[in-house]
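Since the structure comes first, as C-alpha cells, the remarks are kept for the end.
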Amino acid sequence: MTDSTGGSPYTPAEREAVRERIAAERAGTAEQMAALSRDFEAIVEANALVAVDDEHDPEGSITAFERAHVAALLARAREHLAELDLAAERLETGDYGLCEQCGRAIPAARLEARPAATTCVGCADGRAGRRR
C-alpha cells in the first residue's frame, strides 16, 4: 500500500483525496479569516466614531471584548492555516497520518474530521504513555 514517494502509506488516489481535503479546509479557513478581518475592521471603524474611553464608556467594555474576541478568533484561524500547510508538507514527505508522539497511524476518521491532526486520539488525550 505504499507508493514510490518516500514510503507513504497512501496510494496515489488516497494522497490526492487527502490533498483535496486539506485544500478545501484551507480555503474554508481563508474565507473565515477574511470574514473575521472584515468584522475586526468594522469594530475598529465603529469605535473611531465614538469616544475612545473604554473604561468609562458603558459600551466600551463590550466593544473591547468584541474586538479582543474577534482578534483571538483571527489568530486561531491563522494558526490553523499554518497547521494545514504543515499537514500538506507531511503528506508530501510521507509523514502524514502518523502520530508524532507514538509513531502509530492516526485513524482515518480522525484525519477526516481534523486533516491537520498530528497525534492519535490516545496521545491527544495523554493516554498513550499509560498504554506502552
Side-chain angles (χ1 to χ4, degrees):
M1 187 162 176
T2 60
D3 66 15
S4 61
T5 60
S8 172
Y10 297 97
T11 66
E14 290 169 330
R15 285 170 52 93
E16 186 57 31
V18 170
R19 193 175 287 117
E20 289 173 6
R21 189 167 45 249
I22 290 171
E25 181 134 347
R26 193 177 194 294
T29 301
E31 287 176 21
Q32 179 187 27
M33 287 174 57
L36 288 167
S37 293
R38 287 189 300 271
D39 290 349
F40 187 84
E41 289 174 17
I43 293 168
V44 170
E45 285 179 27
N47 282 344
L49 302 175
V50 295
V52 190
D53 187 3
D54 284 355
E55 185 177 331
H56 296 99
D57 179 5
E59 298 292 318
S61 60
I62 294 169
T63 303
F65 171 79
E66 287 175 349
R67 187 175 52 236
H69 181 71
V70 171
L73 291 173
L74 187 55
R76 179 61 195 123
R78 284 186 185 118
E79 288 173 16
H80 186 59
L81 200 63
E83 291 167 354
L84 290 166
D85 289 342
L86 291 173
E89 287 178 26
R90 287 192 308 277
L91 181 65
E92 297 308 316
T93 62
D95 294 329
Y96 184 81
L98 299 175
C99 178
E100 64 182 21
Q101 290 184 16
C102 71
R104 295 184 185 117
I106 299 171
R110 177 166 171 76
L111 292 171
E112 285 273 336
R114 301 193 65 206
T118 59
T119 57
C120 65
V121 175
C123 288
D125 283 349
R127 296 181 301 193
R130 292 184 286 209
R131 282 189 284 175
R132 287 188 188 185

My understanding is that only residues two or more places apart in sequence, or in another chain, count here; which of them pass side chain to side chain contact (heavy atoms under 4.5 Å, CB included) with [X]?
X	result
Leu111	Tyr10, Tyr96, Ile106, Ala117
Thr118	Arg90, Glu100
Arg26	Leu81, Leu84, Asp85

Quiz item: Linking I/L/V/M/F/W/Y whenever any side-chain heavy atoms sit under 4.5 Å apart, do Leu36 and Val44 land together?
Solution: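 Yes, same cluster.
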Exercise. For the residue pair His69 and Glu66, establish whether any side-chain heavy-atom pair is separated by less than 4.5 Å.
Key: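 No, too far: nothing below the 4.5 Å cut-off.
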Looking at [atom1] of [X] and [atom2] of [Y], how far apart are the two atoms once the value is rounded to the nearest 0.5 Å?
X	Y	atom1	atom2	result
Glu83	Thr29	CD	OG1	9.5 Å
Asp125	Thr119	CG	OG1	8.5 Å
Cys99	Arg110	SG	CZ	8.5 Å
Arg38	Leu74	CZ	CG	11.5 Å

Quiz item: Who are the side-chain hydrogen bond (donor to acceptor under 3.5 Å, both in side chains) partners of Glu41, not counting sequence neighbours?
Solution: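 For Glu41, no residue satisfies side-chain hydrogen bond (donor to acceptor under 3.5 Å, both in side chains) once neighbours in sequence are set aside.
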Practice problem: Tell me, please, which residues at least two apart from Glu16 pass side-chain hydrogen bond (donor to acceptor under 3.5 Å, both in side chains). | Solution: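 For Glu16, the residues satisfying side-chain hydrogen bond (donor to acceptor under 3.5 Å, both in side chains) (neighbours in sequence not counted) are Arg19.
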Practice problem: Verify whether one side chain among Glu25 and His80 offers a donor that lies under 3.5 Å from an acceptor in the other. | Solution: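 A pair is found: one side chain offers a donor N or O, the other an acceptor, under 3.5 Å apart.
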Quiz prompt | Donor-acceptor pair, side chain of Glu92 and main chain of Glu89, under 3.5 angstrom | solution =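 Checking the backbone N and O of Glu89 against the side chain of Glu92, no donor-acceptor pair under 3.5 Å is found.
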Exercise. Without swapping roles, check the side chain of Arg15 against the backbone of Leu91 for a donor-acceptor pair under 3.5 Å.
Key: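 Indeed, once roles are kept as given, a pair shorter than 3.5 Å links the two residues.
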Self-check item: For Arg21, salt bridge (charged side-chain N to carboxylate O under 4.0 Å, His left out) partners two or more places apart
Solution: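 Scan of Arg21 (salt bridge (charged side-chain N to carboxylate O under 4.0 Å, His left out), adjacent residues dropped) gives Glu112.
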Self-check item: Closest approach of Cys120 to Ala105 (non-hydrogen atoms, all atoms of both residues)
Solution: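 So the two residues come closest at CB-O, 4.5 Å.
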